[in-house]
Amino acid sequence: MKTAVLIVAGGSGTRMGAGVPKQFLPLGGRPVIVRSVDRFLEVLPDAEIYIALPEGLHGEWNDMAGLYGLCGRYTLCRGGETRFHTVRNSLEVMHPCDIVLIHDAVRPLVPHEVIMRVVGGAAVSGASIPVTLPVDSFRSVAADGSSAPFDRTVLRAVQTPQGFRYELLTAAYRQPYETRFTDDASVVEAYGHKVTLCEGSPGNIKITYPEDLAVARALLREEPH
């Protein structure tokens with residue numbers, strides 16, 4: 001089964017306050033985005049890797065890829081105005097395959113087993129995404145500012161990679177853009193295809209704020225080597 005991996009790295013990193021895009025920040029001696037690529041090459045060594053970045057970061061990424069031994073292992077794609085446009089741009093240059101995995105560059109610690117669960121789920125159902133049970137309590141807030149408890153047992157936190165059959169994904173991304181498209185699964189659902197859920201991992205954290213990077217460094221130190 002031929003698999004393609006699209007690493008989406010469109011963030012500016014302004015919430016990190018680091019002065020550089022968060023996907024380029026160091027994590028255990030390697031940039032965050034490089035560690036994300038590493039995870040997929042470890043478990044899917046024959047996968048085609050696509051990296052979607054704003055055009056202004058292409059030169060910096062190419063230099064980084066050379067430094068960390070990734071030359072010849074990826075195709076660089078043009079970032080767009082939104083995630084939807086970034087993915088659509090990437091699909092235009094992607095070679096036909098069986099399964100496409102789309103992953104946030106700032107989730108550098110995705111476990112191998114999560115990747116394989118998504119691949120397996122997408123192969124069966126056409127669309128599979130990893131989720132976790134929320135641990136916090138939630139309240140719904142009305143327009144007047146009043147609030148009420150919300151049943152968290154009906155909620156799931158969505159992670160990446162999200163996996164889809166290639167033909168389904170490319171067809172779904174021919175739809176016109178809508179603001180309700182918050183991730184790839186929402187695009188596929190709007191096209192009329194059901195999305196199935198599989199088990200994610202609490203360790204598959206998304207690095208958005210400085211404290212997230214600290215947690216990622218601690219988790220990385222605890223991994224077996």
Side-chain angles (χ1 to χ4, degrees), residues 1-11 23 31-55 57-58 61-62 64-65 68-80 82-130 158-175 181 183-189 191 193 195-198 200 204 206:
M1 184 167 57
K2 187 176 181 181
T3 304
V5 178
L6 171 59
I7 306 290
V8 179
Q23 57 265 29
V32 167
I33 186 173
V34 172
R35 287 206 171 271
S36 294
V37 174
D38 289 344
R39 292 284 163 144
F40 288 91
L41 291 179
E42 288 162 4
V43 71
L44 297 170
D46 297 324
E48 290 193 348
I49 305 294
Y50 296 82
I51 308 292
L53 281 165
E55 289 185 274
L57 298 177
H58 284 196
W61 162 254
N62 283 329
M64 187 179 296
Y68 292 98
L70 293 176
C71 286
R73 288 298 291 116
Y74 65 91
T75 298
L76 198 52
C77 305
R78 176 173 51 90
T82 67
R83 181 189 180 91
F84 174 90
H85 296 96
T86 294
V87 173
R88 187 162 65 183
N89 290 346
S90 303
L91 289 172
E92 289 175 355
V93 301
M94 187 176 291
H95 298 136
C97 57
D98 298 307
I99 300 294
V100 180
L101 301 179
I102 306 177
H103 187 63
D104 296 329
V106 289
R107 290 187 183 271
L109 301 181
V110 55
H112 292 174
E113 57 267 26
V114 171
I115 295 172
M116 295 313 298
R117 278 197 288 267
V118 173
V119 171
V124 172
S125 71
S128 179
I129 63 174
V158 177
Q159 301 181 334
T160 66
Q162 299 187 0
F164 309 93
R165 291 191 192 128
Y166 171 81
E167 293 83 0
L168 169 63
L169 188 66
T170 53
Y173 267 90
R174 294 189 191 106
Q175 299 175 100
F181 294 158
D183 62 359
D184 309 293
S186 61
V187 178
V188 169
E189 283 180 320
Y191 182 67
H193 192 92
V195 172
T196 60
L197 309 182
C198 66
N204 186 17
K206 184 177 183 180

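Because the structure is a prediction, the values reported are computed rather than measured.
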Taking every non-hydrogen atom, the tightest pair across [X] and [Y]:
X	Y	answer
Gln175	Val187	NE2-O, 3.0 Å
Met94	Ala4	SD-CB, 3.9 Å
Arg174	Thr170	CG-O, 3.3 Å
Asn204	Arg107	O-NH1, 2.6 Å
Asp98	Lys2	OD2-N, 2.6 Å

Evaluate the side-chain proximity of [Y] to [X]: yes if any heavy-atom separation is below 4.5 Å, no if none is.
X	Y	value
Thr3	Phe40	no
Val37	Tyr74	no
Pro161	Val110	yes
Arg83	Val87	yes

Between Gln23 and Ala9, is there a donor-acceptor pair closer than 3.5 Å when you use the side chain of the first and the backbone of the second?
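Yes; judged by distance alone, with no hydrogens or angles, the pair exists.
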Criterion side chain to side chain contact (heavy atoms under 4.5 Å, CB included) against Ile7, the qualifying member of Val34, Ile51, Thr160:
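With Ile7 as partner, side chain to side chain contact (heavy atoms under 4.5 Å, CB included) holds for just one option, Ile51.
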Qualifying residues under salt bridge (charged side-chain N to carboxylate O under 4.0 Å, His left out), relative to Arg35, sequence neighbours excluded
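Expected list: none.
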Mind checking the [atom1]-[atom2] spacing from [X] to [Y]? Nearest 0.5 Å is all I need.
X	Y	atom1	atom2	value
Leu169	Leu91	CG	CG	5.0 Å
Ile33	Asp104	CD1	CG	11.0 Å
Asp184	Gln162	CG	CD	5.0 Å
Glu55	Cys77	CD	SG	11.0 Å
Arg165	Cys97	CZ	SG	12.5 Å
Leu41	Asp46	CG	CG	10.0 Å

How would you list, by chain and number, every residue that makes a side chain to side chain contact (heavy atoms under 4.5 Å, CB included) with Ser36, sequence neighbours excluded?
His103, Pro108
Does [X] have any side-chain hydrogen bond (donor to acceptor under 3.5 Å, both in side chains) partners at least two apart in sequence or in another chain, and if so, which?
X	value
Thr86	none
Arg88	none
Asn89	none
Asp38	Arg30

Compile the donor-acceptor pairs under 3.5 Å between side chains in residues 111-130 and protein atoms, sequence neighbours left out, one pair per line.
from	atom 1	to	atom 2	distance (Å)
His112	NE2	Glu42	OE1	2.7
Arg117	NE	Glu199	O	3.0
Arg117	NH2	Glu199	O	3.2
Ser125	OG	Gly121	O	3.0
Ser125	OG	Ala127	N	3.3
Ser125	OG	Ala127	O	3.0
Ser125	OG	Thr196	OG1	2.9

Can you pull out every ring-ring contact (aromatic ring centres under 6.0 Å, His included) where at least one residue sits in residues 82-101? Sequence neighbours excluded, please.
Phe84-Tyr173, Phe84-Tyr177, Phe84-Phe181, His85-Tyr177
